[in-house]
S.K.: 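One structure, as structure tokens, below. Some questions next.
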Protein chains: 2
Amino acid sequence: MRKGELTHQTILETAVRLASRVGLQGLSIGGLAEELGLSKSGLFAHFKSKTELQVQVLEAATVVFTGRVVRPALGRARGEPRVRALFDGWLTWDRDSLLEGGCIFVAAAAELDDAPGPARDTLVQGQRDWLDCLAQAARIAVAEGHFQKALDVEQFAHDQYAVMLGFHHAKRLMRDPQAEARARRAFDALVTAARTPTS
Amino acid sequence: MRKGELTHQTILETAVRLASRVGLQGLSIGGLAEELGLSKSGLFAHFKSKTELQVQVLEAATVVFTGRVVRPALGRARGEPRVRALFDGWLTWDRDSLLEGGCIFVAAAAELDDAPGPARDTLVQGQRDWLDCLAQAARIAVAEGHFQKALDVEQFAHDQYAVMLGFHHAKRLMRDPQAEARARRAFDALVTAARTPTS
DNA sequence: CCCTTCATAGAACGGTCGTGCTTTTCGTGC
DNA sequence: GCACGAAAAGCACGACCGTTCTATGAAGGG
């Protein structure tokens, strides 16, 4: 691997961590360079623009996310165990020490939702993939007979993610020590409802 | 009313609308002044600092929120109707034309969750009040016999808000046309579960 | 009608932003 | 070991940031 490729990767790692705290907008090239002990222009040379940096940060975060949350869950048994693993994995991801500011995608979602452009497009695609992943896991749980046949798996994925967003809000903004317990209780209710057929 | 008081109020109205789009961080004094046809320093004189402006924007938004969401719901019948009114009111609030960028509190939550200071404190207090309001409505629904006696009303409030956050994400970031239908379905499931005792 | 008080404008500050251009340093294949 | 190309630094730019100071204009009470 080229020397440049290595620094490029190092920059992105630090950038992801930093962006989770200050956001993609707040992530400044000067600040990032200082954190890494690089010069501003030296760092800038790796990306042609700040937008490109933001896009690559999102892509790098997606790679880490896949490795830390999705892939481990795919190693679990098909059906409900995998669905639960995805949920647990996300909770761990959100409070992980690697992301001092919590899930970077949630932070980015708020600041990009009205800012059209490549960064927003990249984020939306990633979130779509993630929701599809959740829905697919639920679909398998239906096929395995763990969840009821008539379950709306997209709705389940949507609701599951809503619980995660609620956790993020309670934990990171409100600093609610019960946040995780609340999230687990909400998710358990979701799973229970998915199991038993609607009366 | 003093002349200054009037402009002060006008500034805050525009600031709230602008901040819902670009965030509290992105809300610049120069940009806000230009939008209003004022000079930067003339506007600045109304607030001793940018932080103070942010705090007052949050407070002004809270007043509007109370008038548009909370107060109308308090006019509804005690119990489940009022709980539903709070939910409906929030959905309307979030997609209201007044807030082109969606609920300003959700946007602020993401950018302030790791930024200690007066603005964060103000936001957290407002969110606490809002969650208390939701919980209190649920508590009344229990007292009225609409919800089961053993219902954990704080958990219900938490779950209800999570559905709202899920709606915001689906609607504003993902531009999902089904966002509202999904949110209503999720909320109905929550209400149904709150009615029938846990087996 | 004057005089004080208040509201706004104007100009300027130090700082940081993203972004180019030019130079120097350094890793690497021959 | 040298030369070539990549990588990083240095420097400068225009723009915008929050903030301060000073001056000007309008409002309002006597």
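Note that the structure is predicted; figures quoted are calculated from it, not measured. Residue numbering restarts at 1 for every chain, and letters A, B, ... go by the order of the sequence lines.
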S.K.: Whole angstrom is fine here: how far is it from CD in A/Q25 over to P in D/dC17?
M.R.: 13 Å
S.K.: Is any side-chain N or O of A/H46 closer than 4.0 Å to OP1 or OP2 of D/dA8?
M.R.: yes
S.K.: OP1 or OP2 of D/dC17 less than 4.0 angstrom from a side-chain nitrogen or oxygen of B/S28, does that happen here?
M.R.: yes
S.K.: Could you give the CZ-to-P distance, from B/F47 to D/dT20, as a whole number of Å?
M.R.: 15 Å
S.K.: Measure from the ring center of B/F105 to the ring center of B/W130 and say whether it is less than 6.0 Å.
M.R.: no
S.K.: How is A/L38 classified with respect to the nucleic acid when contacts are heavy atoms under 4.0 Å: base, sugar-phosphate, or nothing?
M.R.: sugar-phosphate
S.K.: Give the rounded distance in Å between these two atoms: CD1 of B/I11 and P of C/dT8.
M.R.: 7 Å
S.K.: What do the steps show when you test A/D159 against A/Q155 for side chain to side chain donor-acceptor pair (under 3.5 Å), and what is the final call?
M.R.: CA-CA 6 Å; A/D159 294 351; A/Q155 177 80 38; 3.0 Å; yes
S.K.: Taking the minimum atom-to-atom distance to the side chain of A/R2, which one of D/dA6, C/dA7, D/dT19 wins?
M.R.: D/dA6
S.K.: Rounded to the Å, how far apart are A/K50 NZ and C/dT19 P?
M.R.: 8 Å
S.K.: Can you say whether a donor on the side chain of A/S41 sits under 3.5 Å from an acceptor on the base of D/dG10, or the other way round?
M.R.: yes
S.K.: How close or far is atom P of D/dT20 from atom CD1 of B/I29, stated in whole angstroms?
M.R.: 10 Å
S.K.: Is any side-chain nitrogen or oxygen of A/K3 closer than 4.0 Å to OP1 or OP2 of D/dA7?
M.R.: no
S.K.: Would you say a side-chain N or O of A/T7 is under 4.0 Å from OP1 or OP2 of D/dA7?
M.R.: no
S.K.: Before accepting this row, confirm whether a basic side-chain N of the pair B/R175/A/D114 lies closer than 4.0 Å to the acidic partner's carboxylate O.
M.R.: yes
S.K.: Determine whether a donor-acceptor pair (one donor, one acceptor, N or O, separation below 3.5 Å) exists between the side chain of A/K40 and the base of D/dG10.
M.R.: no
S.K.: NA contact type, A/L32, heavy-atom cut-off 4.0 Å: base, sugar-phosphate, or nothing?
M.R.: nothing
S.K.: I need the CD-C1' distance between A/E52 and C/dT19, as an integer number of Å.
M.R.: 15 Å
S.K.: What does A/A45 touch in the nucleic acid at a heavy-atom separation under 4.0 angstrom: a base, only the sugar-phosphate, or nothing?
M.R.: nothing
